[in-house]
Amino acid sequence: MGTNLLGKSFLKLLDFTPQEIRYLLDLSIELKKQKMSGVVNKKFVGKNIAVIFEKDSTRTRCSFEVAAMDLGMGVTYLGPNGSQMGKKESIKDTARVLGRMYDGIEYRGFSQKIVEELAKYAGVPVWNGLTDEFHPTQMIADLLTIEENFGKLEGLNFVYCGDARNNLGNSLMVACAKMGINFTAAAPKELFPSQELVDTCIEIAKENNSTISLVENIMSATKNADVIYTDVWVSMGEKYEVWESRIKQLTPYRVTKEIMENANENAIFMHCLPSFHDIETSIGKEMFEKFGITEMEVTDEVFESKQSVVFDEAENRMHTIKAIMAATLGI
Ligand code: CP
Ligand code: NVA
């Protein structure tokens, strides 16, 4: 039977089969080719989407907006202020109102429960643009970027260095398990993903001939790695006070030239962005003044190196979000 995602929400990768993820990747490739060759595909003229952002965003917001406009759709942006959502109106009521006006809704915010609730009551597809627990649209872009570099996904060795229990650590572990990629988290024990999610992923990985490992020693974790991935040490929504302890915990897990040299020769470096690889940001500068560090999760040298594919990855957010919307709205 063919894959049909019409009307389905995109809330977390655990809800999708490897075949459905494959379908989204193939559709992304097709839509990217169209965009690159200047083919205009306004398949969804007459449709409109709402994009809700309770947290900041550059890539995700712009990807949804550009992808929607490319497809001929109208877009309404709702920021952390300016709507009734959450303050005077429940998520359930907001979902039922927006679902009467829009053909699809993107949500970025805090608890996964909120996006699940939105999807339950909206009556139209809801797309998770990041919650505290998961960042599934990022996963399709990351898988596409890996495949563009290696020509395959199955059997590759993927290592995530850093806060392995944040939305990226969780999502990447699921994405790798689903697609037959060997996943290793290099992190201190206290930042390992929850045992429940690890157990779920071990089962999924078994079905797809891959492995899940949690390792504290970054050198042994990154040996034979094809992909080295990292993310910020403190995520949006976390308390400011955690910076100091997180810097202490995760400095040994910074991605350096030594780590990249320890990996396979053709290994790539990935990061969902934004990244603290210099002190050209207000937070970066502040951490330099407080703790004397000029780089955090990755050195500027690795970030700017030939092995770094971070901007291809960022571009792929747009092509893959377009595919997710098109598939669920009915391409
Ligand atoms: N990677 C990512 O989600 O970036 P933004 O926070 O800029 O959307
Ligand atoms: N873990 C990061 C990802 C940002 C795209 C955060 O939630 O802030």
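In listed order, ligands and their atoms are each counted from 1.
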With a 6.0 Å cut-off on ring centres, are Phe134 and Trp127 close enough?
no
Look at the aromatic rings of Tyr229 and Tyr160 and report parallel, tilted or perpendicular, splitting at 30° and 60°.
tilted
Here the atoms of ligand 2 under 4.0 Å from any heavy atom belonging to Met236 are 6 (C), 7 (O), 8 (O)
Members sharing Ile52's hydrophobic cluster, built from side-chain contacts under 4.5 Å between Ile, Leu, Val, Met, Phe, Trp and Tyr, are Leu11, Leu78, Met85, Ile91, Val97, Leu98, Met101, Tyr102, Ile105, Tyr107, Ile114, Val115, Leu118, Val124, Val126
Numbering as shown, the atoms of ligand 1 that approach Arg108 to under 4.0 Å (heavy-atom distance)
2 (C), 3 (O), 5 (P), 6 (O), 8 (O)
Against heavy atoms of His135, which atoms of ligand 1 measure under 4.0 Å?
2 (C), 3 (O)
Starting from atom 4 (O) of ligand 1, what is the nearest protein heavy atom, named by residue and atom, and what distance separates them?
Arg59 NE, 2.8 Å
Is the Lys NZ or Arg CZ of Lys55 less than 6.0 Å from the centre of Phe110's six-membered ring, within 45° of the axis?
yes
For atom 7 (O) of ligand 2, what is the nearest protein heavy atom, given as residue, atom name and distance?
Asn167 ND2, 2.9 Å
Not counting sequence neighbours, which residues clear side chain to side chain contact (heavy atoms under 4.5 Å, CB included) with Glu315? List them please.
Lys32, Met36, His319
As an exercise, identify every atom of ligand 2 less than 4.0 angstrom from a heavy atom of Asn166.
1 (N)
Asp142 vs Gln138, test: side-chain hydrogen bond (donor to acceptor under 3.5 Å, both in side chains). Steps then yes/no.
CA-CA 6 Å; Asp142 292 346; Gln138 178 77 48; 3.0 Å; yes
Ion pair present between Arg22 and Glu147, side-chain N to carboxylate O less than 4.0 angstrom?
yes
Contacting atoms of ligand 2, where contact means under 4.0 angstrom from a heavy atom of Ser235:
1 (N), 2 (C), 6 (C), 7 (O), 8 (O)
Heavy atom of Leu273 under 4.0 Å from ligand 2?
yes
State whether the shortest distance between N or O atoms of Leu273 and N or O atoms of ligand 1 falls below 3.5 angstrom.
yes
With heavy-atom distances below 4.0 Å as the criterion, list the atoms of ligand 1 near Cys272.
1 (N)
In this structure, atom 7 (O) of ligand 1 is nearest to the protein heavy atom Thr58 N, 2.7 Å
Distance-only N or O hit between ligand 1 and Arg317, under 3.5 Å
yes
Kindly identify the option in Asn170, Val232, Leu130, Thr58 whose heavy atom sits closest to atom 4 (C) of ligand 2.
Leu130
Enter the distance from Trp233:CH2 to Ser245:OG here, rounded to the nearest 0.5 Å.
11.5 Å
Note the single closest protein heavy atom to atom 1 (N) of ligand 2, along with its residue, its atom name and the distance in Å.
Asp231 OD2, 2.6 Å
Between Phe158 and Met260, is there a shared hydrophobic cluster once you connect ILVMFWY residues whose side-chain heavy atoms come closer than 4.5 Å?
no
